[in-house]
Chemist: 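To start, I am sharing the structure in question, which I have written as structure tokens.
Atom set for the values below is all heavy atoms of this structure, side chains included, hydrogens, waters and symmetry mates excluded.
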Amino acid sequence: MRDFGLMIGQGAVRDLRRARVGSVARSVPRTHFDPTDTDTIRNPFPALERLREHPVHVNEKLNVWMMARHEDVTAAARAHDVLSSSSGVLLRSTVMPSVVSTDEPDHARLRRVLAPYFTPSAMRRLEGSLTQFVNPSVDALARGEVVDMVPALTVPLPVSAIALLLGIDRSRWRDFRVWSNGVTALFGASTLGAVTMTIGHALPGILSLRGLIVDELHRRRTSATCRRPGGSEEHDDVLGGISKALAAHEITPLEALSAALIVLIAGNETTTNLLGILLIQLATDPDLYARLRDNRDLIPAAIEETLRWGSPVQWVTRTTLASYEIADTVIPARSRVVLYYAGANRDPLRFPDPDRFDVQRNPVGHTGFGHGSHFCMGAHLARLEVVVALNGLFDRIAGLELAGPVKWTTTPSLSGPTSVPVRAVAAH
């Protein structure tokens, strides 16, 4: 896939032009915190607490600036004119023209193509189709089986929801997770060698995914009407909308491919992690499970607290287009800056007793879905999927308990379990 490889290659060249943090005054605090270290991915919060001791740190090994206070992270996330997304959100720069990695006016132009498919009204039309993806895991729990909720629920539910929105034939859905895993692994590559190795492993799946999307876009361009999830031909699906924008020359072919990829990957991984983190809480806190089961009005609050407490997206990066001042420090132009959403979400100046999971908390201002103009477009969908999953559990399962060790992701910019074995238990 030459265009994808070219994006990564250009990103590596961009890194060589970065401002070097080693020349920064010694008065600026240094840190050795490495978010790609597998030993810290499961629990980065002690290190993030140390990062919050100062407004900003530099990491000479990674050649990046780091900030983790809520006030500073949210201000930086809003400073779109100075802190650019155009080099991507990874530690290494990438060139990928998507809603995630563009600045204005291109960001707004690309977002307009996708936004109509992620509105609250669009989600309500999708809601009735999601229960079928929750039932198999609940059926197994009801039979007394031990169920690993990641492959049984937290993976297939968002994959299926995105496939419905995209308008992909159901026979191809199983391939989606395999393909998206390969692309998601790029989030954890911090060196050119790691990028090259990851691309090599992921390339077959990337090529297959690219071929499927290109074929689907072509089919829609040659079709008089486009299907809507559920079989209706009255409205477009996401790929139909992308195809129309492509035909109207509102987006380029590469932007069309990138838009479909972003919907697939961002829509899958974030929700998988969000639901997995909340399921762990429910399986380890029977009182919480009972409270939510008996009072479903608390479910939205539990989702927001999970987004704050667990931070499914741990961090993103920006690149300074000009000097950026924070406290009494000036970050020079062409610097790479890591914004720790997970640090902002555990900032005690914003959220008292931040390490405690509190369903009664009102975590207004959390950065679980990002902040600023790059706030997650799929937030309504993620919330809906979790609501549907929990209602499916609460309707038939009195309680949950862990039935084995939880395993955690090794992808540093994302946080969530890769294995959550549970069994149903009787009500207390």
Chemist: Just do the side-chain contact (heavy atoms from CB on, under 4.5 Å) check on Leu307 and Phe369 with the steps written out, would you?
Modeler: CA-CA 8 Å; Leu307 286 161; Phe369 283 127; 3.3 Å; yes
Chemist: Work out which heavy atom in Gly310 is nearest to a heavy atom in Gln314; give both atom names and the distance.
Modeler: O-NE2, 3.4 Å
Chemist: Less than 4.5 Å apart, side chain to side chain, heavy atoms only: is that true for Pro35 and Leu62?
Modeler: yes
Chemist: Using modelled atom types only, decide if a donor and an acceptor are shared between the side chain of Arg30 and the backbone of Val28 within a distance under 3.5 Å.
Modeler: yes
Chemist: Looking only at heavy atoms, what is the nearest atom pair of Phe118 and Leu114, with distance?
Modeler: CD1-O, 3.3 Å
Chemist: Run Arg291 and Leu298 through side-chain contact (heavy atoms from CB on, under 4.5 Å) and show every step you take.
Modeler: CA-CA 8 Å; Arg291 288 178 67 192; Leu298 287 176; 4.3 Å; yes
Chemist: Do Ile303 and Leu274 touch side chain to side chain, with heavy atoms closer than 4.5 Å?
Modeler: yes
Chemist: Would a 4.5 Å heavy-atom cut-off, applied to side chains only, mark Ser86 and Thr102 as touching?
Modeler: no
Chemist: Determine whether a donor-acceptor pair (N or O, by modelled atom type, separation under 3.5 Å) exists between the side chain of Arg69 and the backbone of Glu53.
Modeler: yes
Chemist: Might you work through the side chain to side chain donor-acceptor pair (under 3.5 Å) test for Asn273 and Ser415, ending with a clear yes or no?
Modeler: CA-CA 6 Å; Asn273 293 335; Ser415 178; over 6 Å; no
Chemist: From Asn391 CG over to Arg293 CZ, what is the distance, rounded to the nearest 0.5 angstrom?
Modeler: 13.0 Å
Chemist: Do His366 and Tyr341 make the cut of ring centroids closer than 6.0 angstrom?
Modeler: no
Chemist: Using a strict cut-off of less than 4.0 Å between a Lys/Arg side-chain nitrogen and an Asp/Glu carboxylate oxygen, indicate whether Glu401 and Arg423 qualify as a salt bridge.
Modeler: yes
Chemist: Consider only side-chain N and O atoms of His371 and Arg78, and report whether a donor and an acceptor are under 3.5 Å apart.
Modeler: yes
Chemist: As an exercise, state the distance from CG of Asn59 to CG of Leu51, rounded to the nearest 0.5 Å.
Modeler: 9.0 Å
Chemist: Quick check: do Val422 and Met149 have side-chain heavy atoms less than 4.5 Å from each other?
Modeler: yes
Chemist: Are any of the side-chain heavy atoms of Leu166 and Tyr117 separated by less than 4.5 Å?
Modeler: no
Chemist: Under 6.0 Å from the ring centre and within 45 degrees of the ring axis: does the NZ or CZ of Arg296 meet both conditions for the six-membered ring of Phe394?
Modeler: no
Chemist: Does the side-chain contact (heavy atoms from CB on, under 4.5 Å) test come out yes or no for Leu400 and Tyr289, once each step is laid out?
Modeler: CA-CA 8 Å; Leu400 290 178; Tyr289 191 102; 3.7 Å; yes
Chemist: Please confirm whether the backbone N or O of Pro354 pairs with a side-chain atom of Arg308, one donor and one acceptor, at under 3.5 Å?
Modeler: yes
Chemist: Measuring only between side-chain heavy atoms, which start at C-beta, is Gln281 closer than 4.5 Å to Leu288?
Modeler: yes
Chemist: Please identify which of these residues, Thr31, Thr38, Thr36, meets the side chain to side chain donor-acceptor pair (under 3.5 Å) condition with Asp34.
Modeler: Thr36
Chemist: Determine whether a donor-acceptor pair (N or O, by modelled atom type, separation under 3.5 Å) exists between the side chain of Glu325 and the backbone of Val330.
Modeler: no
Chemist: Flag the pair Tyr340 / Phe33 as yes when their ring centroid distance falls below 6.0 Å, and as no otherwise.
Modeler: yes
Chemist: Is the side chain of Arg361 donor-acceptor paired with the backbone N or O of Glu304 at a distance under 3.5 Å, no angle test?
Modeler: no
Chemist: Are any of the side-chain nitrogens in Asp353 or Arg356 under 4.0 Å away from the carboxylate oxygens of its partner?
Modeler: yes
Chemist: Please walk me through it: do His80 and His107 pass ring pair (Phe, Tyr, Trp, His ring centres under 6.0 Å)?
Modeler: CA-CA 11 Å; His80 308 293; His107 174 259; 7.5 Å; no
Chemist: Got a salt bridge between Glu255 and Arg109, using NZ or NE/NH1/NH2 to carboxylate O under 4.0 Å?
Modeler: yes
Chemist: Which atoms form the tightest heavy-atom contact between Val21 and Glu60, and what is the distance?
Modeler: CG2-CA, 3.5 Å
Chemist: Is Arg112 paired with Glu250 through a side-chain N to carboxylate O contact shorter than 4.0 Å?
Modeler: no
Chemist: Is it the case that the side chain of Thr320 and the backbone of Ser335 share a donor-acceptor pair, with hydrogens and angles ignored and the cut-off at 3.5 Å?
Modeler: yes
Chemist: Grab the two heavy atoms, one from Val100 and one from His374, that are nearest each other, plus how far apart they are.
Modeler: O-CE1, 3.5 Å
Chemist: Side chain of Thr272, backbone of Asn268: donor and acceptor closer than 3.5 Å?
Modeler: yes
Chemist: Looking only at atom types and distance, does a side-chain atom of Ser311 sit under 3.5 Å from a main-chain N or O of Val313, one as donor and one as acceptor?
Modeler: no
Chemist: Determine yes or no for a side-chain-to-main-chain donor-acceptor pair under 3.5 angstrom, with Arg334 supplying the side chain and Leu321 the backbone.
Modeler: no
Chemist: Starting from the C-alpha separation in whole Å, work towards a yes-or-no answer on side-chain contact (heavy atoms from CB on, under 4.5 Å) for Thr154 and Val420.
Modeler: CA-CA 10 Å; Thr154 74; Val420 184; over 6 Å; no
Chemist: Do Trp65 and Thr329 have side chains that get closer than 4.5 Å, going by heavy atoms?
Modeler: yes
Chemist: Where do Pro158 and Thr271 come nearest, in terms of heavy atoms and distance?
Modeler: CB-CB, 3.9 Å
Chemist: Closest approach of Tyr324 and Ala79, non-hydrogen atoms and distance?
Modeler: CE1-CB, 3.8 Å
Chemist: Could you tell me if the side chain of Val263 sits less than 4.5 Å from the side chain of Leu165, heavy atoms only?
Modeler: no
